[in-house]
Every structure is written in C-alpha cells, then in structure tokens.
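Model, not experiment: these values are computed from the prediction. Lettering follows sequence order; numbering is per chain, from 1.
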2 protein chains.
Amino acid sequence: MRTTLELGQELGYAKLSIEAIAARAGVGKHTVYRRWSSKGALLLDSLLSRGGSALDYPDTGDLRADLRRQIQEAVGLLAKGPLSPLFKALVGEAQHDPGIAAALNERFIAPQAAKTVARLEAARDRGQLAPDFDLDLAMAILSGPLYFRLLITQEPLTSDYVDRVLDALFAGMGPRP
Amino acid sequence: MRTTLELGQELGYAKLSIEAIAARAGVGKHTVYRRWSSKGALLLDSLLSRGGSALDYPDTGDLRADLRRQIQEAVGLLAKGPLSPLFKALVGEAQHDPGIAAALNERFIAPQAAKTVARLEAARDRGQLAPDFDLDLAMAILSGPLYFRLLITQEPLTSDYVDRVLDALFAGMGPRP
DNA sequence: AGACTAACGGCACGGCACGTGCCGTTCTTG
DNA sequence: CAAGAACGGCACGTGCCGTGCCGTTAGTCT
C-alpha cells in the first residue's frame with residue numbers, strides 16, 4: 001500500500017499499473033491479486049490507511065467553528081495535499097466500477113457524512129438549530145459545493161470559499177422562532 | 001459518434017475501446033485518431049452532440065419554477081436517461097485527464113452554470129432576490145448537492161430531492177428588507 | 001522437533017487494446 | 001481531369017492484464 005501511494009504520486013493513477021507496483025514492492029503479482037481485485041480497490045485501501053482516521057469532529061459547542069475546522073482539515077487532506085490527485089482519481093474510478101463506488105461510500109463517504117450529521121444533531125438538540133431542519137440536506141449543501149469545485153470545475157478550494165458556503169448554509173439554518 | 005454512444009451503452013465506458021468503435025462503425029482506426037486524441041474526447045463530443053442544446057432556461061418570471069424545470073430536465077438527461085452512465089464516466093475520466101477536465105468545463109459545465117447565473121441575475125434585477133446575494137455561490141449550492149448525489153453517494157436523484165434543495169436555497173436567499 | 005501446508009517471489013504465457021506504420025482505393029477540390 | 005488528401009484494411013511492436021507453474025520460505029499443528 002505504501003508503494004501504491006508512492007508510485008501513484010509519481011505516475012498518476014492512469015499510468016499506475018499493478019505490475020509496476022508489485023515490481024517496486026519486490027512482490028509477486030499473485031500476492032497483490034490475492035488481496036485486491038482491482039487497482040481501485042488497492043488504491044482505496046492505500047488511501048484509507050493514511051489519514052482516514054484524522055478526520056474526526058471536534059465538539060467545542062460552537063457549531064460553526066467546529067464545522068469550519070473539520071472541513072478545512074478534510075479539504076487540506078483531499079483537495080490540497082499530495083494525495084489529492086489520487087483521491088480524485090478514485091472517485092473517478094467509482095464512476096465506472098460499482099464495486100469501488102460501494103466500497104468508497106461505505107468506508108469513507110458515509111462515515112464522514114454520519115459524523116457531520118451527528119454534529120449537527122447535537123447542535124439541534126441544544127436548540128442551536130431549528131428543530132425541523134433537514135440535517136441530511138444540510139450535510140449535502142455543505143459537502144456538495146465543495147465536491148463540485150473539487151471534481152467538476154476543478155477550481156482551487158480556498159478557505160474563503162469554505163467560509164462562504166458556511167455563511168450561506170447558516171443564513172438558511174439559524175433558529176427560527 | 002453515434003456508434004460510440006451505442007457501444008458505450010452496451011459495454012460501459014471501461015470496456016469501451018476505440019478499436020471496437022472503429023470496427024463497428026466500419027471505419028479505420030486512423031480516421032478516429034485523426035479527429036479525437038483519446039476515448040474521453042470522443043465521448044465528450046458524442047455526448048454533446050446529443051441533447052447538449054436541450055438544456056436552455058425558460059424565463060417565465062417565476063424564478064423558482066424556472067429553476068425547478070430546468071434542473072429536472074438536466075437531471076432527467078444526465079442522471080436518469082440511458083446516457084447517464086456515460087456522462088458519469090466522462091466526469092470520472094476528467095479526474096485523471098486534465099485535457100478532458102478542461103474541455104468538459106469549457107463546453108458543458110461553464111455554459112450551463114452561466115445560464116443559471118444569468119437567470120438568477122435577471123431575478124435579482126427585478127428585485128426578487130436580495131441585491132447582495134452571491135449568485136455564483138447560489139449556483140454552486142444548487143448544483144453541488146445534485147452532483148454529490150450523482151457522483152459520490154450514487155443515490156437516485158428524485159424530483160423530491162431537487163425540490164428540497166430548492167427549498168433550502170430559497171430559505172437563505174429570499175429578499176431581505 | 002519435525003512434518004505439513006499455505007503463502008510467497010519469480011517467471012512465462014496468451015490475450016487484448018493501444019498507437020502507428022504502410023498499402024491500395026476512393027473522394028474532394030481546384 | 002489531375003493532384004492530393006482522406007479513407008478502409010491490415011499488420012506490427014508495446015505494455016499491461018490476469019493466470020498458470022515453478023521451487024522456496026514461513027507459519028502451524030501434533
């Protein structure tokens with residue numbers, strides 16, 4: 001997995017081959033195929049083994065600050081760090097490999113989304129949010145524009161942009177009497 | 001281009017090969033390579049030749065209804081139609097091919113986004129929106145969650161979901177005295 | 001301790017699609 | 001009507017795929 005990330009950063013996902021990974025790692029191809037059914041599955045595990053756990057939510061009581069901090073951290077890892085191209089390529093791979101799509105969702109997207117929703121829920125329970133607000137939707141409105149920038153328009157994800165999304169979200173989310 | 005879409009729907013993008021397209025079309029490979037530099041470029045042109053133009057905005061004066069109608073139409077084409085898997089695969093391809101990413105943006109995403117912004121602008125000029133509202137951001141908040149569902153969580157894009165996103169957007173967008 | 005077995009690294013193989021030559025033919029253009 | 005470009009067809013070398021088959025190593029069980 002270490003070699004996968006190394007070679008992936010050097011060559012890019014498109015030119016990355018299991019053959020080259022095995023050779024560089026000093027390993028037979030069988031040993032790779034025995035554990036991973038495809039290049040995508042290998043990359044998913046490789047990426048999750050790095051920093052997948054680092055994305056935990058703080059709960060300082062200040063919802064907006066907590067959201068901001070966690071998102072900035074995720075953006076730093078997935079959109080700015082050296083692994084960003086590989087993560088994007090993995091999402092790309094998910095578009096034509098249902099197995100990868102399912103695994104990516106199950107092991108990364110869904111847990112991450114659940115954490116966001118849980119944090120929103122905590123805030124709602126404390127009366128910081130309108131009780132009828134759709135938390136899943138709020139999560140999507142928060143994440144959606146960021147992934148949109150990352151994957152579609154490919155513009156840089158500045159922290160200013162994150163703040164603007166947060167502003168917009170809270171403008172429609174605040175406690176309504 | 002017709003053969004590309006046909007074969008693409010049959011085999012899926014991953015198994016689609018220029019070799020097979022040329023053979024099915026009764027054409028030499030040179031003839032394909034002369035016009036398109038990659039499978040992705042060919043698919044982009046093929047997709048744009050279909051229904052790319054059908055996504056124009058109505059302007060009935062009712063902003064919400066117009067947005068809703070245009071989005072439902074786009075969703076029908078890109079997320080529900082038979083070309084949906086190919087469109088998703090193209091976005092996937094853009095993740096590791098900067099040329100495709102640029103072309104996709106320039107020829108599809110940006111024009112579409114510009115239309116949305118223009119429609120919002122018209123509404124703002126008529127006083128239907130707060131004058132200080134960030135239209136580009138509004139567009140992203142509208143599109144983002146939809147692409148998020150389409151590409152990331154891969155859940156179905158129901159018209160109910162579209163409506164909920166619209167609701168959320170307008171809750172934070174309405175004219176503020 | 002020793003025997004058994006599963007996993008291993010290395011190598012070779014057939015298969016496929018890539019991208020690019022070269023052929024002789026057909027179509028377009030001036 | 002002549003020149004040249006574009007064409008369909010075919011073949012080639014290349015790279016990686018996924019899978020066999022070796023002989024060796026490492027872990028397990030009694």
Side-chain angles (χ1 to χ4, degrees), chain A residues 1-49 83 85-104, chain B residues 1-49 83 85-104:
Chain A
M1 294 193 290
R2 202 185 319 125
T3 306
T4 301
L5 295 180
E6 276 178 26
L7 256 186
Q9 289 177 247
E10 289 174 26
L11 304 178
Y13 181 74
K15 296 191 174 180
L16 187 63
S17 72
I18 292 186
E19 194 136 4
I21 294 168
R24 163 93 59 112
V27 140
K29 280 199 283 180
H30 269 304
T31 310
V32 177
Y33 281 110
R34 192 173 294 119
R35 290 161 221 271
W36 293 282
S37 57
S38 68
K39 190 168 63 158
L42 170 55
L43 179 60
L44 174 60
D45 274 357
S46 303
L47 284 175
L48 284 177
S49 75
L83 298 179
L86 289 179
F87 176 70
K88 285 167 40 174
L90 184 62
V91 177
E93 193 70 9
Q95 302 314 313
H96 34 72
D97 184 334
I100 297 295
L104 177 61
Chain B
M1 295 194 289
R2 202 184 320 125
T3 306
T4 301
L5 296 180
E6 276 178 27
L7 255 185
Q9 289 177 250
E10 289 174 27
L11 303 178
Y13 181 75
K15 296 191 176 181
L16 187 63
S17 72
I18 292 185
E19 194 135 4
I21 294 168
R24 163 92 60 111
V27 140
K29 280 199 282 179
H30 269 304
T31 310
V32 178
Y33 281 111
R34 191 174 295 121
R35 290 161 221 271
W36 294 282
S37 56
S38 68
K39 190 168 61 159
L42 170 54
L43 180 60
L44 174 60
D45 274 356
S46 302
L47 284 175
L48 284 176
S49 76
L83 298 180
L86 289 179
F87 176 70
K88 284 167 43 173
L90 184 62
V91 177
E93 192 70 9
Q95 302 316 311
H96 33 70
D97 184 333
I100 297 296
L104 177 61

So which of B:Leu86, B:Leu5, B:Leu83, B:Ile21 actually passes side chain to side chain contact (heavy atoms under 4.5 Å, CB included) with B:Ser46? B:Leu5
Look at the side chain of B:Arg35 and decide which nucleotide, out of D:dT19, D:dA6, C:dT20, has an atom nearest to it. D:dA6
So do [Y] and [X] actually touch side chain to side chain, heavy atoms under 4.5 Å?
{"X": "A:Arg35", "Y": "A:Thr31", "result": "yes"}
{"X": "B:Glu6", "Y": "B:Arg24", "result": "yes"}
{"X": "A:Val91", "Y": "A:Gln95", "result": "yes"}

Can you tell me the distance, in whole Å, between the [atom1] atom of [X] and the [atom2] atom of [N]?
{"X": "B:His30", "N": "D:dC7", "atom1": "NE2", "atom2": "P", "answer": "11 Å"}
{"X": "B:Arg34", "N": "C:dC27", "atom1": "CZ", "atom2": "C1'", "answer": "13 Å"}
{"X": "B:Leu11", "N": "C:dC16", "atom1": "CG", "atom2": "P", "answer": "14 Å"}
{"X": "B:Ile21", "N": "C:dG19", "atom1": "CD1", "atom2": "C1'", "answer": "15 Å"}

Hey, mind stepping through B:Leu16 and B:Thr4 against side chain to side chain contact (heavy atoms under 4.5 Å, CB included) and telling me if it holds? CA-CA 8 Å; B:Leu16 187 63; B:Thr4 301; 4.3 Å; yes
Test side chain to side chain contact (heavy atoms under 4.5 Å, CB included) on B:Tyr13 and B:Lys39; report intermediate values, then the result. CA-CA 9 Å; B:Tyr13 181 75; B:Lys39 190 168 61 159; 3.6 Å; yes
Identify each atom pair where a protein N or O and an N or O of nucleotides 15-17 of chain D are less than 3.5 Å apart, giving names and distance.
unit_1, atom_1, unit_2, atom_2, d
D:dC17, OP1, A:Ile18, N, 3.1
D:dC17, OP2, A:Ile18, N, 3.4
D:dC17, OP2, A:Glu19, N, 3.0

